[in-house]
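Sequence lines set the chain letters: A, B, ... in the order given, protein chains first and strands last, and positions in each chain run from 1.
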Number of protein chains: 2
Amino acid sequence: MNSPVAIGIDLGGTRVRAALVTREGLILDRVEQPTRASHGQQSIIEQIVNLARGIVKRADPPSVAGLGICSPGPLDTDAGMVLSAPTIKGFTDFPLREELQSRLPWPVYLENDGIAATLGEWRFGAGRSVDHMVYITVSTGIGGGAVVDGNLLRGRRGMAGHIGHMVIAMDGRPCPCGNRGCWEASASGTALSKMALENGFADGIQVFNEARDGNEAALQLVAFLSRQLGVGMVNLAHIFSPKKIVMGGGVSNALDLLEPGIRHHIEKNAMPPFRTITLEKAQLGDNSGVIGMAELVFSANTFSVHMEASE
Amino acid sequence: MNSPVAIGIDLGGTRVRAALVTREGLILDRVEQPTRASHGQQSIIEQIVNLARGIVKRADPPSVAGLGICSPGPLDTDAGMVLSAPTIKGFTDFPLREELQSRLPWPVYLENDGIAATLGEWRFGAGRSVDHMVYITVSTGIGGGAVVDGNLLRGRRGMAGHIGHMVIAMDGRPCPCGNRGCWEASASGTALSKMALENGFADGIQVFNEARDGNEAALQLVAFLSRQLGVGMVNLAHIFSPKKIVMGGGVSNALDLLEPGIRHHIEKNAMPPFRTITLEKAQLGDNSGVIGMAELVFSANTFSVHMEASE
């Protein structure tokens with residue numbers, strides 16, 4: 001097999017994942033480590049460089065098209081900068097792309113993590129061949145991105161898709177961002193964990209397990225979370241008019257439990273023409289980001305080739 | 001002058017506007033009438049046909065590229081249908097484009113009104129040469145549209161941009177759509193009128209006039225409305241990452257009064273990288289829709305010509 005591969009890296013506040021990915025979205029090799037989030041910028045740069053070099057050395061592909069890395073943000077992808085990533089020490093106004101580019105032999109690309117995962121699911125996951133979709137990831141926070149009219153949305157400085165900080169309840173629960181009533185303040189995995197503790201459960205996973213066994217208190221929490229998720233999804237339906245919402249992140253593992261409540265909310269509160277929207281679990285699991293970043297590398301290369309050809 | 005013109009029609013629940021527009025966005029002729037909203041479908045079709053024929057007869061342009069009409073919705077622009085427009089009698093699942101096309105000699109195009117006005121302001125108004133913008137119109141309700149990465153967003157069935165039905169206050173004020181807490185339920189001209197009456201003012205215009213004179217109760221209503229508008233604008237900033245928000249509709253005439261409160265809210269509650277967003281009054285006034293629809297006609301024609309040329 002002589003076709004090139006791309007390196008996709010998904011840098012998170014707790015885990016960093018690196019994968020070698022083919023043009024067809026297949027993962028040839030993959031490594032995952034805890035992020036050295038508290039050790040500062042240079043330690044993380046070193047970790048990423050070692051991961052990338054290591055995975056290439058091990059798999060020894062015929063050629064590497066580039067390295068794409070996504071990170072929590074907001075990032076300014078035009079400038080290649082992490083503007084602020086509170087979960088990673090030293091990642092404030094940090095030129096991540098340049099720092100990596102100066103140490104690596106392949107072209108380096110940077111993207112916000114929500115947009116990267118959207119691209120992965122759109123090209124190779126639950127959003128394949130859908131021209132209008134919204135991807136949401138519900139885990140510690142809520143992030144995501146959108147494809148409208150067959151285009152992946154980036155926005156000014158590549159910062160579109162910060163949908164977790166859409167206020168759905170003015171003056172509601174405090175959000176880590178400093179505002180109140182953000183979607184992620186009431187509908188994220190963190191919000192669920194907090195409610196779980198307040199109601200005598202160990203964590204969100206126990207809530208879902210006991211809800212499956214018919215525990216009434218657990219079912220009420222599931223109903224509450226479903227409604228919170230539903231409010232945000234109806235907003236996104238009215239704003240983007242997607243055909244499909246794809247849901248990833250840890251909480252999506254309980255989508256079977258949550259979906260009836262979400263669906264009920266959509267039927268009741270979306271304007272009638274928007275009610276036919278479908279909801280589907282992400283298909284790439286933890287790999288939406290790395291596969292999306294590899295796809296970004298390949299499409300950037302294709303674009304460059306076209307540009308040269310037309311000159 | 002031999003260049004073609006396009007007919008732009010903006011059909012509203014109370015007024016219908018028709019204009020002959022050049023490729024450069026200049027209005028050559030314009031007519032405005034009360035909409036025969038209570039007379040049923042055929043009466044409105046007749047009204048639109050007479051307006052179009054009349055304006056063409058009077059100006060006698062060398063050629064007409066087409067007729068573009070926008071209407072309140074939601075519309076399914078792919079199918080050329082008005083799905084539901086509560087303010088116009090009989091406009092439910094109504095094939096508006098076909099009904100007009102069968103009576104007129106020019107190609108007929110249909111678009112949701114918020115998207116049409118967005119296109120007008122983007123090409124010829126306050127959003128000129130901006131690749132990332134959101135247009136909002138604040139009048140009876142709240143509508144709008146978005147341009148992201150240099151593309152006007154349409155979404156599935158052309159229904160993107162129903163931003164007035166983004167819930168910002170779960171379980172809040174009832175909205176005409178049947179839901180509660182929608183943005184337009186607390187931040188539209190209608191919401192202001194209601195608050196004006198409750199506080200002893202005749203209407204929203206009196207509120208703005210007395211606020212200009214320093215009336216404390218009026219200033220409090222202005223502050224309240226500014227905050228409601230600010231919440232929705234911060235949401236749209238996080239979702240689309242626009243460079244600029246352009247505000248049209250009757251309430252935008254008081255933007256000078258509202259802007260300090262909106263700006264304060266943005267500075268306080270948007271995530272830091274989003275705070276540099278600018279806010280500007282729409283420049284085309286009542287003509288955003290007709291100019292946008294004419295532009296749509298011209299760009300559709302250009303596209304067809306290209307398609308033929310490449311076959």
Side-chain angles (χ1 to χ4, degrees), chain A residues 73-76 83-84 112 130-133 144 146 148-172 177-183 186 227-228 231-232 234-244 268-274 276-277, chain B residues 73-76 83-84 112 130-133 144 146 148-172 177-183 186 227-228 231-232 234-244 268-274 276-277:
Chain A
L75 314 179
D76 180 336
L83 299 173
S84 114
N112 277 281
V130 176
D131 274 349
H132 313 284
M133 66 163 270
V148 182
D149 307 327
N151 297 310
L152 177 70
L153 302 193
R154 291 211 165 77
R156 188 179 68 107
R157 306 168 91 189
M159 301 193 303
H162 283 87
I163 58 178
H165 300 286
M166 161 177 70
V167 167
I168 62 167
M170 270 183 81
D171 304 318
C177 77
N179 202 349
R180 281 180 170 270
C182 291
W183 193 21
S186 64
R227 181 161 181 254
Q228 302 294 322
V231 172
V234 167
N235 282 1
L236 296 173
H238 290 156
I239 290 167
F240 289 117
S241 191
K243 185 173 189 295
K244 183 183 274 192
K268 193 168 152 236
N269 293 308
M271 291 191 288
F274 294 91
T276 51
I277 191 170
Chain B
L75 315 179
D76 180 337
L83 299 172
S84 113
N112 277 282
V130 176
D131 273 349
H132 313 285
M133 65 163 270
V148 182
D149 306 327
N151 297 310
L152 178 70
L153 302 194
R154 291 209 164 79
R156 188 178 68 107
R157 306 168 90 188
M159 300 192 304
H162 282 88
I163 57 178
H165 300 286
M166 162 177 69
V167 167
I168 62 166
M170 272 183 78
D171 305 317
C177 77
N179 202 350
R180 281 180 169 271
C182 292
W183 194 21
S186 64
R227 182 160 181 253
Q228 302 294 321
V231 172
V234 167
N235 281 2
L236 296 173
H238 290 156
I239 290 168
F240 289 116
S241 190
K243 185 173 190 297
K244 184 183 274 192
K268 192 167 152 236
N269 293 307
M271 290 191 290
F274 294 91
T276 51
I277 191 170

query: In terms of heavy-atom pairs under 4.5 Å with chain A, which of His165(B), Arg180(B), Gln228(B), Met159(B) leads?
result: Met159(B)
statement: Given Ile163(B), Val167(B), Val148(B), Asp131(B), the one with more heavy-atom pairs under 4.5 angstrom with chain A than any other is Val167(B)
Between [options], which residue shows the highest count of heavy-atom pairs closer than 4.5 Å to chain B?
| options | answer |
| --- | --- |
| Leu236(A), Val231(A), Asn269(A) | Asn269(A) |
| Ile239(A), Asp171(A), Asn151(A) | Ile239(A) |
| Pro272(A), Gly161(A), Gly181(A), Cys182(A) | Gly161(A) |

message: Using the salt bridge (Lys or Arg N to Asp or Glu O under 4.0 Å) criterion, which residues pair with Asp149(B)? Sequence neighbours excluded.
response: none
statement: salt bridge (Lys or Arg N to Asp or Glu O under 4.0 Å) filter on Asp76(A), not counting sequence neighbours, yields Arg157(A)
Using non-hydrogen atoms only, which part of [X] is less than 4.5 Å away from chain B: side chain, backbone, both, or neither?
| X | value |
| --- | --- |
| Pro273(A) | both |
| Leu153(A) | both |
| Met271(A) | side chain |
| His132(A) | side chain |
| Leu75(A) | neither |

Contact origin within Leu83(B) toward chain A - heavy atom pairs under 4.5 Å: side chain
From [atom1] ([X]) to [atom2] ([Y]), nearest 0.5 Å:
| X | Y | atom1 | atom2 | result |
| --- | --- | --- | --- | --- |
| Met170(B) | Arg227(A) | CE | CZ | 3.5 Å |
| Ser241(A) | Arg154(B) | OG | CZ | 12.5 Å |
| Asn235(B) | Asn179(A) | CG | CG | 8.5 Å |

message: For Pro74(A) versus Phe274(B), what's the shortest heavy-atom pair and its separation?
response: CG-CE1, 4.0 Å
